[in-house]
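We name chains A, B, ... by the order of the sequence lines, and we start the count at 1 in each one.
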Number of protein chains: 2
Amino acid sequence: MLLSKSCVYGLRAALYLAAKRDGSYYSIRTMSEELDISFHFLTKILQQLTADSLLESYKGPNGGVRLSAKGKKSTLFDLVIAIDGPGLFTECALGLPGCGSEEPCPLHNSWIDTRASIENMLKRTNLTKIAEEGKEKHFRLTADGHFSWS
Amino acid sequence: MLLSKSCVYGLRAALYLAAKRDGSYYSIRTMSEELDISFHFLTKILQQLTADSLLESYKGPNGGVRLSAKGKKSTLFDLVIAIDGPGLFTECALGLPGCGSEEPCPLHNSWIDTRASIENMLKRTNLTKIAEEGKEKHFRLTADGHFSWS
DNA sequence: TTAGTTTAAGACAATAAACTCTTAAATAGG
DNA sequence: CCTATTTAAGAGTTTATTGTCTTAAACTAA
Ligand code: FES
Ligand code: FES
């Protein structure tokens, strides 16, 4: 799997928030139900995004989370880094420590190109833009496709 | 992580075998020591490659494993499929079931291109060729670079 | 035939990832 | 002030992956 499950859940929730263009807070409970993700698990993942200032949270009644200014400008790359860390973009394809051209493994030359193409894809994919497109074209965000972009 | 640890171990062992151009059997015990991989774990992984006819094995003294004719012609893609299965090349980036253009998720259009570039990289990388190159250029196959291509 | 070597197979254990639950802290509204 | 609601934090549980161990089967050579 390219991305961890935590990361995928985080991306789906971020797309959810990005599709709502107003600045109000959305409850994690509601999001978890609409997206079919465990509430407590999603909470922990979104805390990572909040800690990285991609989201803002507010406690209490009518509280929830929303995209920060930084979050609205973010790309999928930023979200992946916040949740899975930079490993995918720095590590050796054969798992050897210290991937680099000084001591390359046999896959190094092939891998750095492919790795860059993954990175570029994520960097050029703006969260808000992809959410807008998903909303327009009614792309699905859940297994059963039952989620509605509202 | 792009590839599982099992898969990476299998690739490294396959590169080891591909660098030996004679058709004799190499003991898994020796390979596991030279490559710093747990013997029993490596055995199980190589059994998968043997089951998929990429390797041939022989029991008893002077036994071991060697590349089959199919194995010699194989690409990294074949090895990845044999160990990790086809998931990486068929599954949705958001983990939704049934990735396809009928019911795409917001990442689908970006992901299928990137996925294809990973697949093409693995398919164009011939095991024997990459092992030859690794041998010539003394690329490393272990963490400490202590492995010698002999 | 017997003992030693090697892969095959599968049970078992340790670790990591995924998921759940409980309690605390902040906030709103009555 | 009190209660309900919501995120924060972290402990605990389950499941998947990784790694170890034991026994069996195939084979060699003495
Ligand atoms: S050293 Fe292995 S991919 Fe860079
Ligand atoms: S449906 Fe999500 S990547 Fe194809």
Side-chain angles (χ1 to χ4, degrees), chain A residues 1-13 17 24-68 71 80 83-85 87-88 91 94-95 143, chain B residues 1-13 16-17 24-33 35-68 71 80 83-85 87-88 91 94-95 143:
Chain A
M1 207 174 357
L2 188 77
L3 306 173
S4 72
K5 258 181 152 181
S6 294
C7 191
V8 161
Y9 291 162
L11 289 179
R12 286 169 55 204
L17 291 171
S24 60
Y25 291 100
Y26 289 87
S27 99
I28 302 178
R29 172 71 67 185
T30 306
M31 290 174 59
S32 75
E33 283 163 2
E34 293 191 32
L35 295 174
D36 289 317
I37 301 172
S38 147
F39 165 66
H40 288 102
F41 196 26
L42 182 58
T43 298
K44 223 190 308 195
I45 295 160
L46 297 189
Q47 280 170 17
Q48 293 182 261
L49 298 181
T50 304
D52 204 24
S53 308
L54 292 163
L55 298 185
E56 291 162 348
S57 70
Y58 199 80
K59 292 177 183 172
N62 304 313
V65 293
R66 68 180 179 195
L67 284 177
S68 66
V80 170
I83 299 173
D84 276 350
L88 180 61
E91 284 169 8
L94 291 184
Chain B
M1 206 172 0
L2 189 78
L3 305 173
S4 71
K5 257 180 151 181
S6 294
C7 191
V8 161
Y9 292 162
L11 289 179
R12 287 170 54 204
Y16 178 108
L17 291 170
S24 60
Y25 291 99
Y26 289 86
S27 99
I28 302 177
R29 171 73 66 183
T30 306
M31 292 174 59
S32 75
E33 284 162 3
L35 295 174
D36 289 316
I37 302 172
S38 145
F39 165 65
H40 287 102
F41 196 28
L42 183 57
T43 299
K44 224 189 308 195
I45 294 161
L46 297 188
Q47 280 169 19
Q48 291 181 260
L49 297 181
T50 305
D52 203 23
S53 308
L54 292 164
L55 298 184
E56 291 163 350
S57 69
Y58 200 80
K59 291 176 184 174
N62 305 314
V65 294
R66 67 181 181 195
L67 284 177
S68 66
V80 171
I83 298 172
D84 276 350
L88 180 60
E91 285 170 8
L94 292 184

Measure the distance from [atom1] on [X] to [atom2] on [N] and round it to the nearest whole Å.
X	N	atom1	atom2	answer
A:Leu42	D:dA9	CG	P	16 Å
B:Tyr9	D:dT20	OH	P	9 Å
B:Tyr25	C:dT5	OH	C1'	16 Å
B:Arg66	C:dT6	CZ	C1'	15 Å
A:Leu3	C:dA18	CG	P	11 Å
A:Gln47	C:dA26	CD	P	14 Å
B:Glu56	D:dA26	CD	P	18 Å
B:Ile45	C:dA9	CD1	P	15 Å

Legend entry - Closest-nucleotide ordering on DNA chain C, the 5'-leading residue of B:Val65 and A:Pro61: B:Val65

Inset, instruction - Report the residue (A:Lys5 or B:Arg29) whose heavy-atom-nearest nucleotide on DNA chain C is the more 5′ of the two. - result: B:Arg29

Legend entry - Close side-chain approach of B:Leu67 and B:Leu54, heavy atoms under 4.5 Å: no

Legend entry - pair A:Ser6-A:Phe41: side-chain heavy atoms closer than 4.5 Å: yes

Inset, instruction - Starting from the 5' end of DNA chain D, give me the residue, A:Lys59 or A:Lys44, whose nearest nucleotide shows up first. - result: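 On the 5' side of the pair lies A:Lys59.
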
From the options [options], select the nucleotide whose nearest atom is closest to the side chain of [X].
X	options	result
A:Ser38	C:dA8, D:dT28, C:dC19	C:dC19
A:Asn62	C:dA18, D:dT18, C:dG29	C:dG29
A:Ser27	D:dT5, D:dT6, D:dT18	D:dT6

Legend entry - Taking every non-hydrogen atom, the tightest pair across B:Ala13 and B:Met31: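 Between these two residues, the closest heavy atoms are CB-CE, 3.5 Å.
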
Inset, instruction - Name the nucleic acid region contacted by B:Ile28, choosing base, sugar-phosphate or nothing; use a 4.0 angstrom heavy-atom cut-off, strictly under. - result: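 Sugar-phosphate only.
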
Inset, instruction - Pick base, sugar-phosphate or nothing for A:Phe39, based on heavy-atom distances below 4.0 Å to the nucleic acid. - result: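 Answer is base: heavy atoms of A:Phe39 come under 4.0 Å of a base.
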
Inset, instruction - Please test A:Ile28 against A:Phe39 for side-chain contact (heavy atoms from CB on, under 4.5 Å), starting from the C-alpha separation and ending with a verdict. - result: CA-CA 7 Å; A:Ile28 302 178; A:Phe39 165 66; 3.9 Å; yes

Inset, instruction - Indicate whether OP1 or OP2 belonging to C:dA8 is found under 4.0 Å from a side-chain N or O atom of B:Ser57. - result: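 Yes, within the criterion.
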
Inset, instruction - Tell me whether the OP1 or OP2 atom of C:dT5 has a side-chain N or O from B:Tyr58 closer than 4.0 Å. - result: no

Inset, instruction - Kindly compute the distance separating CD (B:Glu33) from OG (B:Ser27), expressed to the nearest 0.5 Å. - result: 7.5 Å

